[in-house]
Amino acid sequence: MRSTHTMDTAANALANSQRLLVLSGAGLSAESGIPTFREAQTGLWAQFSPQDLATPEAFAADPERVWAWYRWRRTLIARGGVNAGHRAIAALERHMAVVIATQNVDGLQTTAGSHDVSELHGNIWVDRCSSCSAESRQPVAEADDDAPLPHCEECGALTRPGVVWFGEMLPVDALERAQAEVERCDCVLVVGTSNQVYPAAALVEMAVAGPAQVIEVNPQATAVSNAVDVHIPESASVALPSLVDRLDALRSAR
Ligand code: OAD
């Protein structure tokens, strides 16, 4: 741990809060064995081209290739499951109102037990019709790579993963909910995001500019690390359970 003082400062900020907004990214699920996007060597975008896999044009040109990649990611998520970081965030609901806005499409924060999760980039377990937009939620399971491409039960057209691709709008409800909560909450916990993708990164910038206490958990420094109130340079599965333990102790002492 960088210093007991840093963790105590963060735990005190949480203990003094009634409303918490969690802004999470791929680093939160990294310890479930799910690769992040931008880390050198291991990040998905170090190995794959987003233009070939995560745009409407890529899907139109080669749906087989796009589905193969998303099926592989579904399998990683199904195998990985939730980790101690997701569980610790869910446990924070014992102490305060917690709203989560995540860039992750894996659905793991809801699986961990959180009740209020806005999925800014959609959900990989949803199939959405490429023609009529009808959605169907798929069971969390390892993918069958040899299965035929999925088609819409309503209109028969090809379905696509229910995620936000480059060049697409974020779900308005999810984004507005997060924006409203930045203004309203006492504390913002930013976990496992490089803060490089907009508009999600703008939520962090709004938080830093506003009155809420901002805690960042990320082993690496990001563009906002110098501006947040507390930067905890640890992995989510180490820092978050430790924060919850400290918060439990502080609240039970009151
Ligand atoms: P990135 O891959 O850009 O950043 C992941 C961050 O997690 C980095 O800052 C790491 O230092 C940090 N990290 C790694 N391991 C961690 C751990 N164990 N605990 C805590 N932090 C850790 O991922 P995002 O910021 O989530 O969008 O990326 C945002 C969006 O970019 C994704 O939603 C995706 C991608 O392109 C779309 O596909 C539209």
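Indexing begins at 1, ligand by ligand and atom by atom, following the structure's order.
Leu53 approaches Ala58 most closely through the heavy-atom pair N-CB, 3.8 Å. Taking both residues in full, the closest heavy atoms of Ala11 and Leu247 are given as O-CD1, 4.2 Å, listed atom of the first, atom of the second, then distance. Scanning all heavy atoms of the two residues, the minimum distance from Thr42 to Gln47 falls at O-NE2, 3.2 Å.
Residue-ligand proximity, Phe166 to ligand 1, at heavy-atom distances under 4.0 Å covers atoms 36 (O). Atom numbering of ligand 1 starts at 1 in the shown order; those under 4.0 Å from a heavy atom of Glu39 are 10 (C), 14 (C).
The shortest contact between atom 36 (O) of ligand 1 and any protein heavy atom is with Trp45 NE1, 2.9 Å. With hydrogens left out, the protein atom closest to atom 19 (N) of ligand 1 is Ala236 N, 2.9 Å, a heavy atom. Looking from atom 26 (O) of ligand 1 to the surrounding protein, the closest heavy atom is Ala26 N, 2.8 Å. Nearest non-hydrogen protein atom to atom 11 (O) of ligand 1 is Asn218 OD1, 2.7 Å. Nearest protein heavy-atom neighbour of atom 25 (O) of ligand 1: Thr193 OG1, 2.7 Å. What sits closest to atom 39 (C) of ligand 1 on the protein, heavy atoms only, is Val164 O, 3.3 Å. When only non-hydrogen protein atoms are considered, atom 13 (N) of ligand 1 lies nearest to Gly27 CA, 3.5 Å. With hydrogens left out, the protein atom closest to atom 6 (C) of ligand 1 is Gly192 O, 3.4 Å, a heavy atom.
Val164 has its side chain within reach of Pro171: a pair of non-hydrogen atoms, C-beta onward, lies under 4.5 Å apart. You'll find the side chain of Asp127 reaches within 4.5 Å of the side chain of Trp67, heavy atoms only.
No donor-acceptor contact under 3.5 angstrom links the side chains of Arg79 and Thr75, judged on distance only. With hydrogens and angles left out, the side-chain atoms of His95 and Asp248 include a donor and acceptor closer than 3.5 Å. Remark: the Gln220 side chain and the Thr222 side chain contain no N/O donor-acceptor pair separated by less than 3.5 Å.
Summarising the contacts of atom 1 (P) of ligand 1 with Ser194, Gly25, Gly122, the nearest heavy atom is found in Ser194.
For ligand 1, one of its N or O atoms has an N or O atom of Phe37 under 3.5 Å away. Inclusion of His121 in the set of residues having an N or O under 3.5 Å from an N or O of ligand 1 is warranted.
Ionic pairing of Asp116 and Arg19 is not present here: no N-O contact between side-chain nitrogen and carboxylate oxygen is shorter than 4.0 angstrom.
At a heavy-atom distance under 4.0 Å, atoms from both the backbone and the side chain of Ser235 approach ligand 1. No part of Trp165 comes within 4.0 Å of ligand 1, judged by heavy-atom distances. When heavy-atom distances to ligand 1 are checked against a 4.0 Å cut-off, Leu28 has no atom that comes that close, whether in backbone or side chain. When heavy-atom distances to ligand 1 are checked against a 4.0 Å cut-off, Val197 comes that close only through its side chain, counted from C-beta outward. When non-hydrogen atoms are compared, ligand 1 lies under 4.0 Å from the side chain of Glu31 (C-beta onward) but not from its backbone. Counting heavy atoms under 4.0 Å from ligand 1, residue Gln103 touches it through both backbone and side chain.
Residues Leu175 and Val208 fall within the same hydrophobic cluster, defined by Ile, Leu, Val, Met, Phe, Trp and Tyr side chains chained together at heavy-atom separations under 4.5 Å.
The shell of residues lying under 4.0 angstrom from ligand 1, judged by heavy atoms, includes Pro219. Note on ligand 1: Gln196 sits outside its first shell, no heavy atom being nearer than 4.0 Å.
Taking the centre and axis of the six-membered ring of Trp69, the NZ or CZ atom of Arg65 falls outside the cone set by 45° and 6.0 Å.
Judged by distance alone, with hydrogens and angles left aside, the side-chain atoms of Ser24 form no donor-acceptor pair with the main-chain N or O of Val191 at under 3.5 Å.
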